[in-house]
Amino acid sequence: MGKLIRDRVPEIVRELGHHIEVRELGEDEYAAALREKLLEEAREARDAAGRAALLEELADLAEVAFALAQYEGITEAEILQQRAAKNRSHGTFDGRLFSTSYRS
């Protein structure tokens, strides 16, 4: 079973004297792999213990999010604009609010 890896990983693995096989993904495979990697990195961020580990995992999560955005033609500026708009319309998470029930 394989997974999406950063571009320099094969070089690093080989420099350590190990063997790695890679292939370039097609368009549809790449889009799907980015979305799976996003979930993987989110789980790793959730499970990170300590500030340093969390920082590393959040950086990985951001890298994958920006790669997916770029693939979909979305710029970092658009993401930041959307974030600001969402903060204005729905607020932030600063209040630490947690919904315990909701009825419509």
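Only heavy atoms go into these numbers, but all of them, side chains included; no hydrogens, no water, no symmetry mates.
Grouping Ile, Leu, Val, Met, Phe, Trp and Tyr residues whose side-chain heavy atoms lie under 4.5 Å apart, directly or via other members, places Val9 in a hydrophobic cluster with Ile5, Val13, Ile20, Val22. Side-chain contacts under 4.5 Å among hydrophobic residues (ILVMFWY), followed directly or transitively, place Leu16 together with Ile12.
Arg51 meets the salt bridge (Lys or Arg N to Asp or Glu O under 4.0 Å) test with no other residue; sequence neighbours excluded. With sequence neighbours left out, the salt bridge (Lys or Arg N to Asp or Glu O under 4.0 Å) criterion links Arg23 to Glu29. Residues satisfying the salt bridge (Lys or Arg N to Asp or Glu O under 4.0 Å) criterion with Glu21, sequence neighbours excluded, are absent altogether. For Thr92, the side chain to side chain donor-acceptor pair (under 3.5 Å) criterion is met by Asp94, not counting sequence neighbours. Qualifying side-chain contact (heavy atoms from CB on, under 4.5 Å) partners for Leu39, counting only residues two or more places apart in sequence or in other chains: Glu36, Arg43.
Within the structure, ring pair (Phe, Tyr, Trp, His ring centres under 6.0 Å) pairs that include any residue of residues 79-98 do not occur (at least two apart or interchain). Residue pairs meeting the side-chain hydrogen bond (donor to acceptor under 3.5 Å, both in side chains) criterion with at least one member in residues 95-104, sequence neighbours excluded, do not occur.
Across all their heavy atoms, Leu25 and Ala33 have their closest contact at CD1-CB, 3.7 Å. Scanning both residues, Ala53 and Ala49, for their nearest heavy atoms gives CB-O, 3.4 Å.
Annotation: Asp47, atom CG; neighbour count of heavy atoms from other residues, nucleotides and ligands within 6.0 Å is above 12.
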Donor-acceptor contacts, no H, no angles, side chain residues 67-77, under 3.5 Å, sequence neighbours left out:
| from | atom 1 | to | atom 2 | distance (Å) |
| --- | --- | --- | --- | --- |
| Tyr71 | OH | Glu27 | O | 3.1 |
| Tyr71 | OH | Glu27 | OE1 | 3.3 |
| Glu72 | OE2 | Arg35 | NH2 | 3.4 |
| Thr75 | OG1 | Glu78 | N | 3.0 |
| Thr75 | OG1 | Glu78 | OE1 | 3.4 |

Output side-chain donor-acceptor pairs under 3.5 Å for residues 57-66, partner residues at least two apart or in another chain, one line each.
| from | atom 1 | to | atom 2 | distance (Å) |
| --- | --- | --- | --- | --- |
| Asp60 | OD1 | Arg6 | NH2 | 3.0 |

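Ionic pairing of Lys37 and Glu40 is present here: one or more N-O contacts between side-chain nitrogen and carboxylate oxygen are shorter than 4.0 angstrom.
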